[in-house]
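Down below is the structure, laid out as structure tokens.
Bear in mind the structure is a predicted one, so any value in this text is a computation, not a measurement.
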Amino acid sequence: MAVSVQKPTSHLWDTVLEITKSAQERNIDPQLWATQMSSNLNSAGVPLPSVELAHLLVSHICWANHVPITWKFLEKALTAMIVPPILVLALLSARVIPNRQLHPTAYRLYMELLKRHSFSFTSQTSGLYNQKIMKSIDEALHLSQLFGLQVAEPGVLVVEFVFSMVWQLVDAALDDEGLLELTPGKKSRWPTRPQDMEIDGQDCFFEKRSDSEVLHKANTAMAIEIIVEFLKNKVTSRLLYLARRNIPSHWGSFIQRMQFLEANSSVLRSLKHITPDVFTQLTSDTRRLLTRECKTISQHDFHAVLASGTTLYSGQQSHGATSSSFWLPVDLFLEDAMDGSQVAATSAVDTLIGLVKALQVVNGATWHNTFLGLWISALRLIQRERDPREGPVPRLDTCLCMLLSISTLAVTNIVEEEESEEMEEAEQCSTNQRIDKQSFGQRRKDLVTSLQLLGDYEGLLTPPQSVTLAANQAAAKAMMSISGLTVSNGYYESNGGNDMPINCIGNMRHLIVEACIARNLLDTSAYFWPGYVNAGSNHLPRNMPGQVTGWGAVVKGSPLTPPLVNALIATPASSLAEIEKIYEIALNGSDDEKISAANILCGASLFRGWSIQENVCLFIIGLLSPPVPADYSGSESHLISHAPLFNVLLVGTSSIDCVQIFSLHGLVPLLAGALIPICEVFGSSVPNISRTLPTGEELSCHAVFSNAFTLLLRSWRFDHAPLEHVMGDARTTMGSQLSPEYLLLIRNARLASVGTSAKDRITSRRISKLITFSTEPIILDSFPRLKLWYQQHQKCICSTLSGLVPGTPVHQIVDALLSMMFRKISRGSQPLTPTTSGSSTSSISGPDDSSIRLKVPAWDILEATPFVLDAALTACAHGRLSPRELATGLKDLADYLPATLATILSYFSAEVTRGIWKPAYMNGTDWPSPAANLSAVEQQIKKMLAATGVDVPSLSVGGSSPATLPLPLAALISLTITYKLDKASERALQLIGPATNSLATGCPWPCMPIIASLWSQKVKRWSDFLMFSASQAVFHHNSDAVVQLLKSCFSSTLGLSSYHIHSNGGVGSLLGHGLGSFSGGISPVAPGFLYLRVHRSVRDVMFLTEEIVSLLMFSVKEIVSCGLPKEKVEKLKKTKNGLRYGQVSLATAMSRIKLAASLGASLVWITGGPSLIQCLIKETLPSWFIAAQGSSEPENQETGCTLSVLGGYALAYFAVLSGTFAWGIDPVSPTSKRRSMILGAHLDFLASALAGNISLGCDWATWRAYVSGLLSLMVGCTKNWMMEIDVDILKRLSKGLRQWNEEELALAVLGLGGVGAMGAAAELVIESDF
């Protein structure tokens, strides 16, 4: 049956108005009026609730019919839902609040309606989908205009409505007490006064004037009570939280008003049941409104443990889960950074900041515990380096840099970041109150607490012998400051410790505190901490220096005499002003003064000037890149005149520790940008003129070029074997391959972005104002000779040598080089110089004019070198050149131009890879023999691996076959053996040593033990280091060995290992004491320490993610069963809580599982960086859940359920920690774009599986624990991640969670999804009625 619907007309509303007036005059029962009105509107086909009726009734009341009966009609209309309550309240607020002084009773009635209808939106939600209602509410309150959001969803409208209602009440309360004009802006964004609107001024209630003041005050009190109710109510408080998350700029202004009301309202103070403290608690940013309460998945306890966070330093010392173990990723990162074979293009400071902030959040730690964990990890690094075995690796200076410079800088940035944010917020508040520029944040206070607690860790604070004097001086400085003595730094420089205060013994904490004071993190009040110094004032030295010495003399303007220069080289500067003085001398002094200043910069200030170290590095880079003088008009480059200065700086920064220090500070790209022009200019110069240095040494452009070129090569991964490029089963490279182009790209991007971020502005405060770098980009195309060499280097790797044409300049240089290298050999017509690879026409005999013919640019020599090497190696292979003659000739070539070592390495490595040369028999006749100790070396390697749980049956030991090496590798190792271990050879060995090691690692076993044997015969004190390095080859060739080592890492960390050297668990068991020795040979090496030294030798790291996931799940099983066999677990007697005697508690188990997840995430991150973690999140974990995860042994129901749930939580922690390590937790980062893409794909997988669109093979309890655990951690720890995820994915996740009755988690997921998810989150709040 069809129903005729009349279209509403103005006549209808005239009729409605007449009915209302008639009922008003007759004082009809409001219920009867509402029934009649509903019937009439239904008959007229008007949809209810009616927007038009709401407008009509509010207009009728305000203000001509402001009488009790009309308000009753309105209230009945709201109750009967014939008008939209939220629209009526919006219309009333716009009319009543501005006129509350004239109509206090109306204001009172409005607030009564607000209390009744603003806290239950469930019944109103369906009506809000009416676009007409939404538009009317928006227009009434001007929401789109005020908040800048398009009201397209009911949820967004409700959030804005609630926010605006509360804000209007706050402004009205401020205005009523005369406080509004004192607030920032001095006016409300809402109409608060009658003059803002057209008003007829009639008040039909005729309140008595004597009652007006009482009513006004009562209204203000009621407004405050309603505000508190809005903040307390579960639904509206969550809606306001959504406003806080998604409209932060407006929320900030609102909070300012709230805080002003709290601080100044007399009415608020007069209320008995509401105090200002309640306001503070309800509006605090730390108040958690969308965090889920523990809900049952399989057992209540699992969620409780998950939500509880980590109890730090609580005395939990068993089962490998000590408090300090939760900072294990920091220990692993610090130790990995000590690997001298790795040069980083990014700052260790930035990486450490991200790591520390991530762990602080995920561990739920206070900042003082976080800082304490960092100090302890860095101190453990120092202790592992106390008694190291000798070898060409970074030493104690690099470790001290990590503790006293890098870690301190990380803490400084973290502390200043908080204070900068607070300062910016304070500056945005345009109040009349003075901003205290010296106010300190909570993190700075926590830093003080951490350093005070650090004094309890005496075992870690003993300083190494080389810094004992510095520690004692720091303690003496504190003691004298307490005693009121002012002593210059020259006192400590001059007394050498001979006149120190009696019993004033310093430790590493004194050095840390001094580093923090130098960074302005602390002041000298730290000297008064209890127990900080251990000497009294009666133990002061008798003699105080009467004159200024050392650095004090430099600041006073004393000339750089030789004794003073030597003193400054040996003593680090203590302040930026001191080292700036030296830098100015290096820029503007005489030639001799510049050389002296350069030597000083490369001395102790570079290695031990921890508070100014980054500035010293930047000063050196600045001196290596001088600008072109404005009046320069010479024909040659302006760089040529700086040759003596360059040479001092290049030699002074060439040590292993120095390069590593530049790397830790992230300055390698800047250094490369300075070295490339030097290489181009000096490598293109003809060495006709040499300079005589003050030492009497001749300095040519070849020498400067070789020093610069060698240092440049060490700044990228030049020493890695070409196996990476050409072999199919080579290591899958997970990070960016460092190259000249990449370094220049990083350099250009860094300089272009200086000062654009808050982090840069914080960093710039510590950088000397004297340092300036050109922001002009540098590209490799601007340096044609370097680019040509680099292309030749790459070509040599990829293809065989060809292209030498007789009679060309290159051919002539080749002939001259061969004549120089083998001038002592006279073999008449036996030619060595090839026309093409494998053939030759020239003889090595002839007039000895090679020195004349080699007066050519270094680049020309490097271009000819591959052909020289090809001819020499071919001659040796055919017996025309003996191995000894070949090694001697190569040494002569490298001595003539040390830069040719780069080409020697490149060519020989490529030839080894090609495998076309016959093997060289290391028999002691033609080639050096390893027979004297080869068997012992192999036995030691196998013994060392066995001690870490690695057993490789295929590892041959003491075989009968003769030792052989590929011919190019034999030539290379013979060349290295010819070098003496002295200063003159150090730079060459630092380049050729790691490259030879990398090349030999990829060669068949036992090439690496042979090399270790030969070198240990030459340098016996390096034997332990050489055997340790040789073990890398095992892991390069044997994936099973890698898996065994990883398993040993997990078992040792968790205390599940049967190996006595690491059975206690924790960081100490994982990393041990570094590489040491004892009387019987090399000491056992901890598995974690070994892994950090060999993981770069693993061919393919892609499989490691699956192995680590498997080991993590195996560790969970071991933790649940305490490592006991299944039969013993079954026999254990149950306790009341369902656990068994002998089993660990649930909290302890969860703590150990988090430790295992932390270890797994750290290993993935350190091994492959962000790229491997991307593979883990995007591919490995989804594949693991889809694949069937059957158990080889049936478990009983109880144990199986526990294992499944804990396994899911372990994977959740593992995934979140991995993500935080790779991408950080900050809202904006260099990896944030990739972060959103990878996380979006993973969460899309979760949402699809929740919807049943993907079939899973894993245990259902494991899957549910993983999903809830992962999302709970993301909600609680990585809120910024959620805002980057597509809203549709979040809505699908929320829907799936609600099917699991996880309403609060579903809400939290949506609530953190940004503006796009705010509407859906609000609707969920309303529907669930939280």
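Glu385 places no side-chain N or O within donor-acceptor distance of the main-chain N or O of Arg380, the cut-off being under 3.5 Å. Between the side chain of Asn647 and the backbone N or O of Ala643 there is no donor-acceptor pair closer than 3.5 Å. Formation of a donor-acceptor pair under 3.5 Å by the Ser715 side chain with backbone atoms of Leu712 is found in this model. With hydrogens and angles ignored, the 3.5 Å screen pairs no side-chain donor or acceptor of Trp610 with any backbone N or O of Thr408. Thr468 places a side-chain N or O within 3.5 Å of a backbone atom of Pro464 that can act as its donor or acceptor partner. One N or O on the side chain of Ser706 and one on the backbone of Ala899 form a donor-acceptor pair closer than 3.5 Å. Between the Ser641 side chain and the His638 main chain, a donor and an acceptor come within less than 3.5 Å of each other. Side-chain N or O atoms of Asn507 include none that pairs as donor or acceptor with a backbone N or O of Leu461 at under 3.5 Å. A donor-acceptor pair is defined here as one N or O able to donate and one able to accept, closer than 3.5 Å; no such pair exists between the side chain of Ser700 and the backbone of Pro687. With Ser663 contributing its side chain and Ala344 its backbone, the two residues share a donor-acceptor pair below 3.5 Å.
In this structure the side chain of Glu335 reaches within 4.5 angstrom of the side chain of Leu381, judged on heavy atoms. Under the 4.5 Å side-chain criterion, counting only non-hydrogen atoms from C-beta, Trp551 is in contact with Ser605. Within the 4.5 Å cutoff, side-chain heavy atoms of Phe682 are placed close to those of Ile640. With contacts defined as side-chain heavy-atom distances shorter than 4.5 Å, the pair Ser655/Gln660 does not qualify. Contact of the Phe1025 side chain with the Val1019 side chain is not registered, since no non-hydrogen atoms from C-beta on lie closer than 4.5 Å. Side-chain contact between Trp375 and Met508 is absent, with no heavy-atom pair separated by less than 4.5 Å. You'll find the side chain of Pro644 reaches within 4.5 Å of the side chain of Ile595, heavy atoms only. Counting only heavy atoms from C-beta outward, the side chains of Leu454 and Leu379 approach each other to under 4.5 Å.
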What verdict does the side-chain contact (heavy atoms from CB on, under 4.5 Å) test give for Leu447 and Ile414, after you've listed the backbone C-alpha separation in whole Å, the side-chain angles of each residue and the deciding distance to 0.1 Å? CA-CA 10 Å; Leu447 170 63; Ile414 291 171; over 6 Å; no
What verdict does the side-chain contact (heavy atoms from CB on, under 4.5 Å) test give for Val349 and Thr412, after you've listed the backbone C-alpha separation in whole Å, the side-chain angles of each residue and the deciding distance to 0.1 Å? CA-CA 10 Å; Val349 176; Thr412 302; over 6 Å; no
Does the pair His510 and Tyr532 meet the rule for a ring-ring contact (aromatic ring centres under 6.0 Å, His included), with working shown? CA-CA 8 Å; His510 293 105; Tyr532 187 73; 4.5 Å; yes
CA sep, side-chain torsions, deciding dist, call: Val651, Arg987, side-chain contact (heavy atoms from CB on, under 4.5 Å): CA-CA 8 Å; Val651 172; Arg987 293 190 297 279; 3.5 Å; yes
Give the intermediate values and the outcome of side-chain contact (heavy atoms from CB on, under 4.5 Å) for residues Arg384 and Met338. CA-CA 11 Å; Arg384 285 193 294 273; Met338 293 300 104; over 6 Å; no
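Nearest approach of Ser596 to Val565, heavy atoms of both residues: CB-CG2, 3.8 Å. Taking each heavy atom of Ile620 and Leu601 in turn, the nearest pair found is CD1-O, 4.0 Å. Ser684 approaches Arg785 most closely through the heavy-atom pair OG-CG, 3.6 Å. Between Leu511 and Ala474, the closest heavy-atom pair is CD2-CB, 4.3 Å. What you find for Thr653 and Cys602 is that their closest heavy atoms are CG2-SG, 4.1 Å. Across all their heavy atoms, Glu578 and Ser574 have their closest contact at OE1-N, 2.7 Å.
To the nearest 0.5 Å, atom CG of residue Leu334 and atom CG of residue Leu352 are 6.0 Å apart. From Leu780, atom CG reaches atom CG of Leu745 across 12.0 Å, with rounding to the nearest 0.5 Å. To the nearest 0.5 Å, atoms CD (Glu680) and CG (Leu675) are separated by 13.0 Å. Separating the CD1 atom in Ile406 from the CD1 atom in Ile353 is a distance of 10.0 Å, to the nearest 0.5 Å. For the atom pair CG (Leu396) and CE (Met402), the distance works out to 13.0 Å, reported to the nearest 0.5 Å. Atom-to-atom distance recorded for Cys401:SG and Asp657:CG is 9.0 Å, nearest 0.5 angstrom.
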Please table the atom pairs, donor to acceptor, closer than 3.5 Å between any side-chain atom in residues 611-618 and protein atoms at least two apart or in another chain.
residue, atom, partner, partner atom, Å
Gln613, OE1, Ser405, OG, 3.4
Gln613, OE1, His665, NE2, 3.1
Gln613, NE2, Leu606, O, 2.9
Gln613, NE2, Phe607, O, 3.4
Glu614, OE1, Arg519, NH2, 3.1
Glu614, OE2, Arg519, NH1, 2.6
Asn615, OD1, Ser768, N, 2.8
Asn615, ND2, Arg766, O, 3.0

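Atom NZ of Lys980 sits in a sparse spot, with 12 or fewer heavy atoms from other residues, nucleotides or ligands closer than 6.0 Å.
Here Ala902 pairs with Phe709, Leu713, Phe718, Trp789 under the side chain to side chain contact (heavy atoms under 4.5 Å, CB included) rule; sequence neighbours left out. Under the side-chain hydrogen bond (donor to acceptor under 3.5 Å, both in side chains) criterion, Asn566 pairs with no residue, sequence neighbours left out. Under the ring pair (Phe, Tyr, Trp, His ring centres under 6.0 Å) criterion, Tyr583 pairs with Phe619, not counting sequence neighbours. Every residue meeting the side-chain hydrogen bond (donor to acceptor under 3.5 Å, both in side chains) condition with Asp397, not counting sequence neighbours, appears here in chain and number order: Arg608.
Pairs of residues two or more places apart, or lying in two chains, that qualify as salt bridge (Lys or Arg N to Asp or Glu O under 4.0 Å) and include a residue from residues 342-353 are Asp350-Lys759.
Note: His642 and Phe646 have parallel aromatic rings, judged against thresholds of 30 and 60 degrees for the angle between ring planes.
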